[in-house]
Amino acid sequence: MPCPRFSVLTLFISLISFNLFAADTPPNKRPVVGLVLSGGGAKGLAHLGVIKVLEEMKIPVDIIVGTSAGASVGGVYAMGMPLSEIEERFHTMDWNLGLQDEGSRSNASFRRKQDDYDFASDLVLGVGAEGVKFRKGLIQGQQLMLILTELTEQAEHVESFDQFPIRYRAVGSDIETGEAVAIDKGSLALAFRASMSVPGAFPPVEYEGHLLVDGGMTANLPVDLARELGAEVIIAVDISSLLLKGDDVNSITGVIEQMGNLLTRKNVETQIKTLNKQDILLVPDLEGAGAGEFERTDEIVEMGATAARDQALALKRLSVSEEEWLAYQLKRKTVLKPSQFIDRIELINKSSIAGEFISSRISQPEKTMLDRAQLKKDIDDIYGLGYFELVTYEIVNKSGQNVLVIKAIEKSWGPDYLRFGLNFEENFSDSTRFNLAIYYDQTAINSLGAEWQSSLQIGSHSLIQTEFYQPLSYLSQYFVALGGGIEQEDVNVYVDGDKIAEWQITTAQAIFSVGREFGNNAEFRLMTEIGNATAQLEVGSINPRREDVDIGSMIALFTYDSLDNLFLPHEGSLTQWSWNRSTKDLAASYDYDRVSGTWGGAFSYERYTLIGRISATAVINDKQNTSDVATLGGLFKLSSYGRGEIVGKDSALAGLIVYREYGGPFIPYMLGFSYEVGNAWSSLNSGATEDLLDSSTVFVGSDTPLGPVIFAASYGDSEHSAVYLTIGYNLFNIY
């Protein structure tokens, strides 16, 4: 029988040995936690709710791997942005702007703005020696890249995503091989952009020899990548959609949605099967939340938080002590924001445009602090020239210097384009107008940005025109232009509201212009115009049945245009003043002067817009009383009267439009009311208020791929009313 004293001694020695051994052994190390975030458009905002709960429960994350929306949410968190700031940025972000390229029309160059008056259709094709060329995506991603660059400015200078407080990877799909590609370095904004490039909607992104599209095509829930990076416990958040059933697929939109689901669902389920018992799968209940419903930010975030709270027991074992959590938070906060001092500027010019043409528009000086707001404006101005597919910037560290790198990529379907236009007007009474147009634009002909535009239009107003436009400097301020053409238009003649005749007016002219642009909004031109006009009576019994007039004019024209949109304007104004001197010194048939002025402005509050418009034209110094005439009538030009029904040498018109906008961003529509008042006289001096005519109009309209469509009903008095259906006319090119 062992001695009790020996047993006690043995036990004592054993306890001492155990304590000594324990003192030399590190405490249990917490597992490496990997957070895997799937893609799903606006539903990706649910990831913010999950992260919010992880922070509430003091659960550190060591690795983040994300696809598409998951890549964006995970990336900004991994780089160290506070969760509260991420929520605020995502809540206030203009998501609709990210789905556009052009941004506001007010940023376009003046010349591109003028194109809007010629054709309202969005149908544009590239053309070259190899034939017709198509763009790589419906959206090129210009505005999206600017938004993402601003969102990720904290990550500038970081070469590897392993340098983030939390190791990070974004996932894209190689469109050539069909393989998933882990994006681990370079521009974080570009990583986001690549991971969310839905094929057909956005063009592929070049990265390390790969052409990348949406990562959801190959790895929408990249669990295996997180394990490769060393994750021992996976928290996977699946926001992808399940396959639709039955009647849900019996529509075009349903079929398109199902195709997307088929491409992603299989790889998601494959990854879910790799999860083991210590991993945690969160599937937020996103019933009713759509991939494009970014306006529901708060609601979708809460859906993600609810899913995480429902798994609180499983997650709790990953919680750490207050001390460990504070150390983790300190690690996230110690990331230094890069210096905003710019040592030098580097232009990567992937276009046939001269580098000086681009760099002359960058106002950021070297050896100064970065003015990000001004740089964005400069980038918008360069893109607004219409020559480039993308104009982006990033700040990189090269040999210890902060280098502002600006990249300009020429349109892959340019620089020559075919544009198409369609306009149609039916007043369901005595006038139907239909025109089909094609425009051939040759841009960037030389280093100064010369352009040659030609157009052919057939229909009620047939024409063939051409103009060669040559800037005289890289900044395109001064220019010369030479053009001409032949046009033929049918003009109705009315008496007491009844159509009694129809003239066919044929004009041939050549025009030489010199001018100057003032920024993006204004232009002044001096023009010399020579040619001939013939009026031939087609319907009616007016004598003489034909008249020929020689044209010889000096014209001064000033235009200011800051409207953000011609069909659905929200802000800006349009002003145009002209003086036309017809003189026999230039072989004109008659001597006279005509002065004209137009102003229109838009003012918006929330989704309501008010448009005010005024125009007038008058003839002076017309001793022979043989000058041309002014006409009113037609939609928004005294709508209850037929087009051209009101005739006089001088005219004046004022109008007020108010409308409410609905829908958007792809096919917005509106409901509105217009009131117009005016008339035409032999002289403005002889006009009187009792002579004024007015019209009240209600209308609905929508901006479609074929151009604006408007349906309107107008009333003037018991004898004058009209109903209109128009296609391809904007509120301002009608005016």
Side-chain angles (χ1 to χ4, degrees), residues 117 425 427 431 489 491-497 505 553 555-561 563 566 569 572-582 590 592-603 610-623 625-658 672-697 699 712 714-717 719-722 724 729-735:
Y117 294 92
E425 180 182 305
N427 69 359
S431 178
E489 183 173 16
V491 177
N492 297 328
V493 179
Y494 295 84
V495 173
D496 297 328
I505 310 297
S553 300
I555 303 170
L557 176 65
F558 174 78
T559 305
Y560 177 88
D561 182 356
L563 290 169
L566 289 184
S573 63
L574 170 67
T575 303
Q576 189 170 82
W577 299 94
S578 66
W579 169 71
N580 185 327
R581 170 60 177 159
S582 175
Y590 306 109
Y592 65 89
D593 295 79
R594 177 175 289 280
V595 292
S596 303
T598 296
W599 174 87
F603 313 88
L610 178 69
I611 300 173
R613 306 180 307 173
I614 300 173
S615 69
T617 181
V619 173
I620 58 176
N621 301 324
D622 184 14
K623 297 179 181 179
N625 197 33
T626 52
S627 64
D628 56 356
V629 296
T631 64
L632 292 175
L635 186 57
F636 301 134
K637 297 176 66 176
L638 291 176
S639 305
S640 60
Y641 295 82
R643 178 186 283 266
E645 180 175 345
I646 304 166
V647 180
K649 289 177 60 177
D650 300 348
S651 70
L653 178 69
L656 195 65
I657 294 177
V658 60
F673 171 81
S674 172
Y675 178 75
E676 310 113 45
V677 58
N679 206 340
W681 302 271
S682 59
S683 171
L684 282 179
N685 294 329
S686 64
T689 55
E690 56 267 24
D691 297 330
L692 292 175
L693 307 173
D694 66 350
S695 293
S696 299
T697 306
F699 62 92
S714 178
Y715 178 82
D717 55 38
E719 297 180 356
H720 296 92
S721 60
Y724 290 91
Y729 289 101
N730 288 305
L731 297 185
F732 283 85
N733 64 8
I734 289 176
Y735 193 54

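The shown structure was predicted, so the numbers you read here are calculated from the model rather than taken from an experiment. For the numbers below, each heavy atom of this structure counts, side chains included, while hydrogens, waters and symmetry mates do not. Nothing fancy with the numbering, it's 1 onward along the sequence.
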Do Ser695 and Ser640 have side-chain atoms, one donor and one acceptor, less than 3.5 Å apart?
-> yes

When every non-hydrogen atom of Ser596 is compared with those of Thr617, the smallest separation belongs to OG-OG1, 2.8 Å

State, yes or no, whether a side-chain contact exists between Leu610 and Ile657 at a heavy-atom distance under 4.5 Å.
-> no

Intermediate values then yes/no, side-chain hydrogen bond (donor to acceptor under 3.5 Å, both in side chains), Ser714 and Thr697 = CA-CA 4 Å; Ser714 178; Thr697 306; 3.1 Å; yes

Taking C-beta and beyond as the side chain, do Trp599 and Arg613 meet within less than 4.5 Å on heavy atoms?
-> no

Give the minimum heavy-atom separation between Asp694 and Leu638, together with the two atoms involved.
-> CA-CD2, 4.0 Å

Taking the six-membered ring for Trp, are the ring centroids of Phe636 and Phe699 within less than 6.0 Å of each other?
-> yes

Out of curiosity, Ser553 OG to Tyr590 OH, how far, rounded to the nearest 0.5 Å?
-> 13.5 Å

Measure the shortest side-chain to side-chain distance between Val658 and Leu656 over non-hydrogen atoms and say whether it is less than 4.5 angstrom.
-> no

When rounded to the nearest 0.5 angstrom, what is the spacing between CH2 in Trp579 and CG in Leu557?
-> 12.5 Å

Side chains of Ile611 and Leu731: does their closest heavy-atom pair fall under 4.5 Å?
-> yes

Roughly how far, to the nearest 0.5 Å, is CG of Asn621 from OG of Ser582?
-> 11.5 Å

Check side-chain contact (heavy atoms from CB on, under 4.5 Å) between Ser696 and all other residues, then give those that pass, not counting sequence neighbours.
-> Phe673, Tyr675

Minimum heavy-atom distance Val619-Lys649, with the two atoms named | CG2-O, 3.9 Å

Atom OG in Ser639, atom OH in Tyr715: separation rounded to 0.5 Å?
-> 14.5 Å

Note: Pro569 and Ala602 closest approach over all heavy atoms is CB-CB, 3.8 Å

Could you tell me whether Arg643 and Glu425 have a side-chain N and a carboxylate O separated by less than 4.0 Å?
-> yes

If every non-hydrogen atom of Leu684 is compared with every non-hydrogen atom of Ser651, which pair is closest and at what distance?
-> CD2-O, 4.0 Å

Steps toward side chain to side chain contact (heavy atoms under 4.5 Å, CB included) verdict (Trp681, Asp691) = CA-CA 9 Å; Trp681 302 271; Asp691 297 330; 3.6 Å; yes

Hey, does Arg581 have a side-chain heavy atom less than 4.5 Å from the side chain of Ile555?
-> no

Does the side chain to side chain contact (heavy atoms under 4.5 Å, CB included) test come out yes or no for Leu632 and Tyr641, once each step is laid out?
-> CA-CA 8 Å; Leu632 292 175; Tyr641 295 82; over 6 Å; no

Can you find a heavy atom in the side chain of Leu693 that is under 4.5 Å from one in the side chain of Val677?
-> no

Is there side-chain contact between Gln576 and Tyr560, with heavy atoms separated by less than 4.5 Å?
-> no

Just jot down the ring pair (Phe, Tyr, Trp, His ring centres under 6.0 Å) partners of Tyr724, sequence neighbours excluded, or say none.
-> none

When rounded to the nearest 0.5 Å, the distance separating CD1 of Ile620 from OG of Ser683 is 11.0 Å

Spatial distance of atom CG (Asn679) from atom CG (Asp650) [nearest 0.5 Å] = 11.5 Å

Closest non-hydrogen atom pair, Trp577 against Gly597 = CE3-CA, 3.5 Å

Within the side chain of Asp593, is there an N or O that forms a donor-acceptor pair under 3.5 Å with the backbone of Val595?
-> no

Side-chain touch Tyr117/Leu566, heavy atoms, less than 4.5 angstrom | yes

